[in-house]
J.: 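Take this structure first; my questions come after.
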Amino acid sequence: MVKSAFELIGRVTSFGGRALRDAWTPPFEREYLAWQLSEVGVSSFLLVVAAGFALGVVMTLHTRSTLVQFGATADIPGFQSLAFINEIGPLVTGLLMAGRVGASIGAQLANMRATEQIDAIETLSVNSFKLLVVTRVIACTVMLPVLTVFMDASGILGGFISEHLISHLSWTLYLHRAFENLALANFIPPTLKTAVFGYLIAIISCFYGYTTNEGSNGVRKAATNSVVISSLVIILADVILVKCIFFLFPDQAL
Amino acid sequence: MSDNGGPNGQHDAAIAFEQVDKGFNGRKVLDKVSFSVARGEVLCILGRSGTGKSVTLKLMIGLHNADAGKVLVEGEDMATLDEDGLVKVRRKMGYMFQSAALLDSFSLNQNLAMPLHRLDRTKSPDEIKRAVSETLRQVGLEKDGEKMPATLSGGMQKRAGLARALILRPEILLVDEPSSGLDRITAGEIDDLLIEVKTKRHTTMAIVTHDIHGARKIGDKFAVLDQGRLLAFGTPKELDSRQDSRLQQFISER
């Protein structure tokens, strides 16, 4: 059990290393990459924005009910932006994408394997790993931070609307309070850490989809494993990355 | 069972198997199989289901490697080739899958254009478009280029798979079960297309088939596999003259 777990980790690591290496060597499959960027980014946009907005509203309602007891409702925008930009935005985007993109990648590649489409690509002298895996890894790595920005923005907007309906706080004042204690250094590291989430989601999902050889049962397993393992790994990676961010940017830990 | 060409003849052949063994999960699928296919010759591989016919084709194009023995294509030992070497050899080959294995997220035009875009960079987009239309016309699908594979009938998918295998004008064409799942008339149309490729382009072919009627129309030689071993190899006339009841079960049209 332990041995096979380590073997699996070794195989996934080697798979991820190959993707990293192949990303820098031609051919670059630009057309397919553009399609994958759209598949990951554009197709997930509404989900991310809707989830961010709803979370923003709910969080403000919860925060208000607590802070009102201390007469500190003026701090709601600050809490909201800090929570979203530091943790909620990146983590929730990562988990949402593990569900939406991870399942899609795992199932699609496993289906391509089961129906010999990946073999067909190889017989055409096209490198299937570069075409199918590297493009998805790049797309997820690039698009996760972009989607996180939209998640943060929609969360803050949801928070404002919720707060505005209760206290009639103006947009200008809300924004001022939300960002008065935030520097660029508070925004960049947590947002960029989602590039790692994107890389991990793509590698894990591609691994399960690309390497399966169990036919239609493999499709089911690949989709399930992609979501479950990606989500778990993202949460674990988040702990490590937050530690790293605090180490590299000590001001954030204060 | 030995081939008909001898070791020296095998090295001059387009395709040669030398004492090839192949197994999966401890089960031997091919057992010391040797034969060769001369340039311009059409070999039909016959035998019961699960006796290693498709595996033989996949060994020829390097999708599998032999456990023992050698698979030589144009004199190149497929097992010793690196990725670039494999691409060079595959560049001369076309492979028509039993299931057609068309890329289901691409239209027919895109399926056919994909290898041209990547492997023949001297061709302009217009030339690629013309080459795709011309190849689709040859298989009677000139009006279906914009269709997605899922919208095509089984026969149309087979013809599209053949078109994709022919798009790079291969010197060697490998065809897996061209008539499986098709009615007699559609199967006959596919056979006629293969005969046209044979007579007009003098393409070397290896065809896996259960359809002895079609095999007799197209094949110059038959290789009959039985329980992983080569039961017989030779021209249809040679095999017809053998008094072997088991062999006659495979090659008789009755």
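Throughout, a chain's letter reflects where its sequence line sits, starting with A, and its residues are numbered from 1. Atoms considered below: every heavy atom in the structure, side chains included; atoms not considered: hydrogens, waters and symmetry mates.
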J.: Once rounded to the nearest 0.5 Å, what's the spacing between atom OH of A:Tyr32 and atom NE2 of B:His117?
T.: 14.5 Å

J.: Decide yes or no on side-chain contact (heavy atoms from CB on, under 4.5 Å) for A:Ile121 and B:Met114, but give the supporting numbers first.
T.: CA-CA 9 Å; A:Ile121 292 170; B:Met114 188 178 76; 4.2 Å; yes

J.: Answer yes or no: are there more than 12 heavy-atom neighbours, outside A:Glu31 itself, under 6.0 Å from its atom CD?
T.: no

J.: Do any of residues 97-120 of chain A come closer than 4.5 Å to chain B, heavy atom to heavy atom, and if so which ones, in number order?
T.: A:Gln108, A:Asn111, A:Met112, A:Thr115, A:Glu116, A:Gln117, A:Asp119, A:Ala120

J.: Kindly check if the number of other-residue, nucleotide or ligand heavy atoms within 6.0 Å of CZ (A:Phe150) is above 12?
T.: no

J.: Surrounding CZ of B:Arg169 (heavy atoms of other residues, nucleotides or ligands, distance under 6.0 Å), is the total greater than 12?
T.: no

J.: Checking heavy atoms, do the side chain of B:Leu174, its backbone, both or neither come under 4.5 Å from chain A?
T.: neither

J.: With only heavy atoms counted, which part of B:Arg91 is less than 4.5 Å from chain A, the side chain, the backbone, both or neither?
T.: both

J.: Looking only at heavy atoms, which of residues 82-89 of chain B get nearer than 4.5 Å to chain A?
T.: B:Glu83, B:Val87

J.: Write out, in numerical order, the residues from residues 48-64 of chain B with a heavy atom short of 4.5 Å from a heavy atom in chain A.
T.: B:Lys58, B:Ile61, B:Leu63

J.: Output the residues of residues 128-141 of chain B for which the shortest heavy-atom distance to chain A is under 4.5 Å, in residue-number order; output 'none' if no such residue exists.
T.: none

